[in-house]
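First up is the structure itself, then whatever we jot down about it.
It should be emphasised that the depicted structure is a prediction, and the values quoted were computed from it without experimental measurement. Sequence positions, counted from 1, serve as the residue numbers for this chain. Heavy atoms only: backbone and side chains are in, while hydrogens, waters and symmetry mates are out.
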Amino acid sequence: MALGVNAYAYFNSDKLALRAMHARPVSEAEQPAMYRIVRELATTARQPMPRLYVSPTQAPNAFATGRSTRHAAVCCTTGILGILNERELRAVLAHELSHVYNRDILISCVAGALASVISVVANLAMFAGMLGGGNNREGGNPLVALLLVLIGPIAAGVVKMAVSRSREYQADASGAQLTGDPLGLASALRKLDMGTRAAPLAPEPQLVPRRI
């Protein structure tokens with residue numbers, strides 16, 4: 001089941017993310033700067049032009065999603081478009097596109113599946129320890145079972161967090177290399193930190209993914 005869920009998320013990552021943010025596709029006439037920046041970045045990276053979307057929320061955020069460069073989509077919120085200048089927006093979009101170019105969607109799904117498998121194995125080992133085994137007439141060791149209950153989720157969480165952080169650092173490096181302007185990303189991150197505190201992305205009903 002875990003592998004099936006992660007496979008579904010991989011092949012439908014773009015649809016799920018865009019639906020969750022209620023994003024709508026935008027034309028070049030509506031967002032000329034966004035189109036110009038993304039087209040230049042895609043050309044520099046020798047990659048196809050992704051689809052562009054805007055999400056109607058004031059929380060400053062941007063993301064790129066899609067299982068491959070041919071299925072990629074880039075989304076910006078109205079909040080981030082309002083607080084970043086063109087140089088900063090270029091740096092942020094380069095960072096997000098780097099997630100697609102670096103195959104981070106696939107890596108994240110593999111990490112999620114691995115974490116799920118670790119949890120399942122830990123649970124199976126826990127039940128085996130509780131039931132005992134072999135010729136152990138006294139049954140399993142409850143302390144061992146308790147440790148397995150605790151270690152499974154912790155190990156799974158560590159795997160997911162380690163992969164997530166490493167991919168973010170790699171996207172920073174790849175994005176800076178793509179633009180040749182690492183200071184632009186640093187400036188954007190300062191604004192985003194302040195903007196997120198002022199307008200956090202709260203779990204409002206209109207921004208919560210609808211159940212399928």
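Thr179 places no side-chain N or O within donor-acceptor distance of the main-chain N or O of Ala91, the cut-off being under 3.5 Å. Remark: the backbone N or O of Thr57 is paired with a side-chain donor or acceptor of Thr78 at under 3.5 angstrom.
Contact record, Asn102 with Ser174: ND2-OG, 3.3 Å, taken as the closest heavy-atom pair. Taking all atoms of both residues into account, the shortest heavy-atom contact from Arg103 to Arg67 is NH1-O, 3.5 Å. Gly195 and Pro60 make their closest contact through C-CG, 3.5 Å (heavy atoms, listed as atom of the first residue, atom of the second, distance). In plain terms, the two heavy atoms of Tyr53 and Pro25 that are nearest each other are CD2-N, 3.3 Å. Across all non-hydrogen atoms, the minimal contact from Ala188 to Val92 is CB-CG2, 3.6 Å. Ala64 and Val100 make their closest contact through CB-CG2, 3.8 Å (heavy atoms, listed as atom of the first residue, atom of the second, distance).
Two residues are said to be in side-chain contact when any heavy atoms from C-beta on lie closer than 4.5 Å; Leu97 and Gln47 fail this criterion. Counting only heavy atoms from C-beta outward, the side chains of Gln31 and Leu81 approach each other to under 4.5 Å. Counting heavy atoms from C-beta outward, Gln58 and Thr77 have side chains that stay 4.5 Å or more apart.
Atoms NE2 and NZ, from His71 and Lys15 in turn, are 7.5 Å apart once rounded to the nearest 0.5 Å. Annotation: the span from Arg36 atom CZ to Glu86 atom CD amounts to 4.0 Å, rounded to 0.5 Å. The line from OG of Ser166 to CG of Asp104 is 8.0 Å long, rounded to the nearest 0.5 Å.
Ion pair Asp181/Arg87 flagged as a salt bridge, since at least one NZ, NE, NH1 or NH2 atom sits closer than 4.0 Å to an Asp/Glu carboxylate oxygen.
By the criterion of side-chain heavy atoms lying less than 4.5 angstrom apart, applied directly or through intervening Ile, Leu, Val, Met, Phe, Trp or Tyr residues, Leu183 is not grouped with Leu84; the two fall into different hydrophobic clusters. A single hydrophobic cluster is not seen to contain both Phe63 and Leu192; linkage of ILVMFWY side chains at heavy-atom distances under 4.5 Å, directly or through other members, places them apart. In the hydrophobic clustering of this structure, Met34 does not group with Leu18; members are Ile, Leu, Val, Met, Phe, Trp, Tyr whose side-chain heavy atoms approach within less than 4.5 Å, directly or through other members. Grouping the Ile, Leu, Val, Met, Phe, Trp and Tyr side chains by contacts below 4.5 angstrom, directly or via other members, places Ile37 with Ile80. Val26 and Met21 end up in different hydrophobic clusters when Ile, Leu, Val, Met, Phe, Trp and Tyr side chains are linked at under 4.5 Å.
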For Met194 and Ile83: C-alpha separation, side-chain torsions, deciding distance, then whether side chain to side chain contact (heavy atoms under 4.5 Å, CB included) applies.
CA-CA 10 Å; Met194 294 184 292; Ile83 66 173; over 6 Å; no
Would you please test Gln170 and His99 for side chain to side chain contact (heavy atoms under 4.5 Å, CB included) and show each step?
CA-CA 8 Å; Gln170 183 59 51; His99 281 303; over 6 Å; no
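For the residue pair Ser27/Glu30, the side-chain donor-acceptor check at 3.5 Å is satisfied.
When each of Leu178, Leu52, Val38 is paired with Leu93, the side chain to side chain contact (heavy atoms under 4.5 Å, CB included) condition holds for Val38 and for no other.
Lys191 meets the salt bridge (charged side-chain N to carboxylate O under 4.0 Å, His left out) test with Glu88; sequence neighbours excluded.
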